[in-house]
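Keep in mind that this is a model prediction, so the values were computed, not measured.
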Amino acid sequence: DIQLTQSPSTLSASVGDRVTITCRASQTISSWLAWYQQKPGRAPKLLIYKASILESGVPSRFSGSGSGAEFTLTISSLQPDDFATYHCQQYDTSFPRTFGQGTKVENK
Amino acid sequence: EVQMVETGGALVQSGGSLRLSCEVSGFSVSNNYMSWVRQAPGKGLEWVSVIHSGGTTNYAGSVKGRLTISRDNLKNILYLQMNSLRAEDTAVYYCAREGYSYGLTGFFDSWGQGTLVTVSS
């Protein structure tokens, strides 16, 4: 199975900060990576797929980059609504689909 | 408008069975890859199973042989039959539609609100 490791596990930041989260895969997955935002008690919400394509309706302060085995999610200017947990997920041609362990973005 | 509503979660004893349902509106389950994803309390997300548009199924190793995904095309409902339940199956179970882009499916573009399954030992 392809393992995904996110770093950091927790990130303390303030409104207006630039935030970067990293997701590393245990083997190359081309660009088959998605990012989700999840708030407590809610279902995850798709932010980005194919490593860098912004889902419709997602604010442009979110961006994704990377290919192969290293990927990043960047929030250019953190907003109050962005405090949440972020998950990466790979969907390479092989099963199973796998997720990273999550990164919690908290208010400093 | 896309809507996905899971039902069927409950408290069940170890070794017991349960069937989860996901009622879908706004698109056809038969035309999409449909997955179940779960989240144990305080933990990350774990993919459980997928049913392809053609009917092929795949499972996570941890549930293979115990959980079965299926669908009713006429009722537009996705199911997860859960047998031989264990304490480690305790989680919120989400149904999710897989998006399709650039020739590949596998990311989850629509989710239900989730249903809680608690397995007591």
**Q** Checking T105(B) against chain A: side chain, backbone, both or neither under 4.5 Å from a heavy atom?
**A**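 It is both, since atoms from each part get that close.
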**Q** Quick check on Q39(B) against chain A: is it the side chain, the backbone, both or neither that has a heavy atom closer than 4.5 Å?
**A** side chain
**Q** So which part of I53(A) gets closer than 4.5 Å to some heavy atom of chain B, the side chain, the backbone, both or neither?
**A** side chain
**Q** Output, in order, the C-alpha distance, side-chain angles, deciding distance and verdict of salt bridge (Lys or Arg N to Asp or Glu O under 4.0 Å) for D92(A) and R97(A).
**A** CA-CA 8 Å; D92(A) 185 71; R97(A) 321 289 196 208; over 6 Å; no
**Q** Tell me if a side-chain donor or acceptor on Y59(B) pairs with a main-chain N or O of I69(B) at a distance below 3.5 Å.
**A**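 Pair found, side chain donor or acceptor close to backbone of I69(B).
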**Q** So which part of A34(A) gets closer than 4.5 Å to some heavy atom of chain B, the side chain, the backbone, both or neither?
**A**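 Just the side chain, heavy atoms under 4.5 Å.
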**Q** Please classify the contact of P44(A) with chain B as side chain, backbone, both or neither, using a heavy-atom distance under 4.5 Å.
**A**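 For P44(A), backbone and side chain are both near chain B.
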**Q** Pick one of side chain, backbone, both or neither for N58(B), based on which atoms fall under 4.5 Å of a heavy atom in chain A.
**A** side chain
**Q** Hey, what's the ring geometry for F108(B) with F99(A), parallel, tilted or perpendicular (30° and 60° as the breaks)?
**A** parallel
**Q** Under 4.5 Å heavy-atom distance to chain A, tell me which part of V37(B) shows up: side chain, backbone, both or neither.
**A**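 For V37(B), side-chain heavy atoms alone lie under 4.5 Å from chain A.
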**Q** May I have the list of side-chain donor-acceptor pairs in residues 114-121 of chain B shorter than 3.5 Å, sequence neighbours left out?
**A**
{"from": "T115(B)", "atom 1": "OG1", "to": "G9(B)", "atom 2": "N", "distance (Å)": "3.0"}

**Q** Pick one of side chain, backbone, both or neither for V50(B), based on which atoms fall under 4.5 Å of a heavy atom in chain A.
**A**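 Looking at V50(B), just its side chain touches chain A.
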**Q** Inspect the contact between E23(B) and K75(B) and indicate whether a charged nitrogen and a carboxylate oxygen are less than 4.0 angstrom apart.
**A**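 Between E23(B) and K75(B) there is no salt bridge, as every charged N stays at least 4.0 Å from the carboxylate O atoms.
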**Q** Sort out for me which of E55(A), K45(A), K50(A), Q90(A) touches chain B most, counting heavy-atom pairs under 4.5 Å.
**A** K50(A)
**Q** Could you tell me if the side chain of I48(A) sits less than 4.5 Å from the side chain of F107(B), heavy atoms only?
**A**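 Contact flag for F107(B)/I48(A) side chains = no.
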**Q** Given that the side chain runs from C-beta out, which part of Y94(B) has a heavy atom under 4.5 Å from chain A: side chain, backbone, both or neither?
**A** side chain
**Q** Identify whether the distance between the nearest side-chain nitrogen and carboxylate oxygen of D89(B) and R38(B) falls below 4.0 Å.
**A**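 Answer for the salt bridge query: yes.
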